[in-house]
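Here's the structure we're looking at; comments come further down.
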There are 2 protein chains.
Amino acid sequence: MIRTNQELLDYVKKNLNSDPQTYLPHQTLIGQGKRVNTVYIIKSGIAKCFLTNENGNDFVEEFFGEGEIVGEIEIINNHVSVCGVSAVTELSVYKISEENFKHFLDKDKIFNHLILKALSAKIHYKALRHAHNQSNDVEMNLLRIQKEFPGIFETIPKLDIANYLGITLRSLNRTLSELRMRNLIR
Amino acid sequence: MIRTNQELLDYVKKNLNSDPQTYLPHQTLIGQGKRVNTVYIIKSGIAKCFLTNENGNDFVEEFFGEGEIVGEIEIINNHVSVCGVSAVTELSVYKISEENFKHFLDKDKIFNHLILKALSAKIHYKALRHAHNQSNDVEMNLLRIQKEFPGIFETIPKLDIANYLGITLRSLNRTLSELRMRNLIR
DNA sequence: TTATCGTTGAGACAAATGTCCTTTACTGAT
DNA sequence: ATCAGTAAAGGACATTTGTCTCAACGATAA
């Protein structure tokens, strides 16, 4: 539910002596459709990666926590950002410029392998999550993400959760109140 | 809809002098939950990558065409396969052993970068596809994939298409007949 | 203070989707 | 030739989900 990458965070902390930068909730790190020239690695806090469609509806791809990296896809494949990325809670991030990122990727074998692993992990958890999302009903999906991150309803706004599950706020509320009635939640 | 990677295929054709192997429709390349020790790169044909859940229902992650690679995620992150992979049409694939793949990844900078790009591309199109899947209705999704791959209904079984869209066969048929009535399809 | 806006919650109804079942056609195996 | 299995198609009904609406609450700005 909240993705993390401790191995990458440790490596970045040790080998990148740059100061982290802070973002407040709702602040934007990367704008959808914008050119990306910085890689961000989350030191603490939660960010969301989301896609806004023609009707103004959001779909949340992932919630990113400690050690997760954003911006690398766009730089590697040299295209504008598919998703927007913004802070959900207060956020502390390490920034790496495009030049430095490409340089490390080329010259630092350990970093190169950490990125290969980070990308593979993203594909892996994306595959699992979307399979679950599509083959189970709202109730099961809610129970699953609540199990993965018990503090979810105190940390992440309901609308973001609904957009993560690909349902409306109404459906989320309906299912939540059913689960509450059956004492399966809260 | 059918993912391809011409750049990778070209490189593999030029630099790997191994003979491709053939699979018939329904044959399995990789079993879900199995250890993977071979990377496959599709020379021709279509494969599906899918996840079977506890109830026996499949969710199709992707349809892979020319140049797409499978097995690399599992080898890079050293875990068993999340998805099963099997042939949809007759398939011709190049195989690379785990050892060789790791060797190329480590020693061949061009290959390394092609894999970085392949992984990034997978994340990119997965993000787009799932956002579309979840924010649009069945009708729009059907029209979209039909536009991306006009021969779809003559090539891929209906149940696979339904499992790709995360809907039942009944829903697919219903929407198809509505679209036919309105002359928006076939 | 008052006004406004974002968030949460839920009622009533409409629309979309799933479940279950039946039919038809085609293919391959016996 | 017959049978079983798979794929495609759709009827009838139940269930789930979305749409539209209103209401309460708290935070923040005027």
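Keep in mind the model is a prediction, meaning the values are calculated, not measured. Note on naming: letters A, B, ... go to the chains in the order of the sequence lines (proteins, then strands), and numbering restarts at 1 for each one.
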* Which nucleotide in the list D/dG18, C/dT8, D/dG10 gets nearest to the side chain of A/K158? -> C/dT8
* Structure fact -> Checking C/dT19, C/dA10, D/dG10 against the side chain of B/T168 (C-beta onward), the nearest is C/dT19
* What integer distance in Å separates A/M181:CE from C/dG9:P? -> 14 Å
* To do: Pick base, sugar-phosphate or nothing for B/L176, based on heavy-atom distances below 4.0 Å to the nucleic acid.
  => nothing
* Would you kindly give the CG-to-P distance between B/L169 and D/dA7, to the nearest whole Å? => 10 Å
* Any donor-acceptor pair under 3.5 Å between the side chain of A/R174 and the base of C/dG11? -> no
* Asked: Can you find a donor-acceptor pair, distance only, under 3.5 Å between A/R170 side chain and C/dG11 base?
  -> yes
* To the nearest Å, how far apart are B/L172 CG and C/dT17 C1'? -> 12 Å
* Gap between atoms CG and C1', on B/L165 and C/dG18 respectively (whole Å) -> 15 Å
* Interatomic distance, A/M140 CE vs D/dT16 C1' [rounded to whole Å] -> 16 Å
* Classify the ring geometry between B/Y164 and B/F63 as parallel (under 30°), tilted (30 to 60°) or perpendicular (over 60°). => tilted
* **Electrostatic pair A/E66-A/R3, nearest N-O below 4.0 angstrom** => no
* Provide, to the nearest angstrom, the distance between the CG atom belonging to A/L142 and the P atom belonging to D/dT16. => 14 Å
* To do: In whole angstrom, give the distance that lies between atom CG of B/N173 and atom C1' of C/dC21.
  => 14 Å
* Let me know the distance between CG of B/N133 and C1' of C/dT17, rounded to the nearest Å. => 15 Å
* Asked: Which of the following nucleotides, C/dT17, C/dG9, D/dT17, is nearest to the side chain of A/D137?
  -> D/dT17
* To do: Please check if atom CD in A/E7 has more than 12 non-hydrogen atoms from other residues, nucleotides or ligands closer than 6.0 Å.
  => no
* Asked: Within the structure shown, what part of the strands sits under 4.0 Å from A/I167 by heavy-atom distance: base, sugar-phosphate, or nothing?
  -> sugar-phosphate
* **Candidates B/I2, B/N133, B/I152 - the one meeting side-chain contact (heavy atoms from CB on, under 4.5 Å) with B/I145** => B/I152
* Run through B/T52, B/N53, B/N163 and flag the one making a side-chain hydrogen bond (donor to acceptor under 3.5 Å, both in side chains) with B/D58. => B/T52
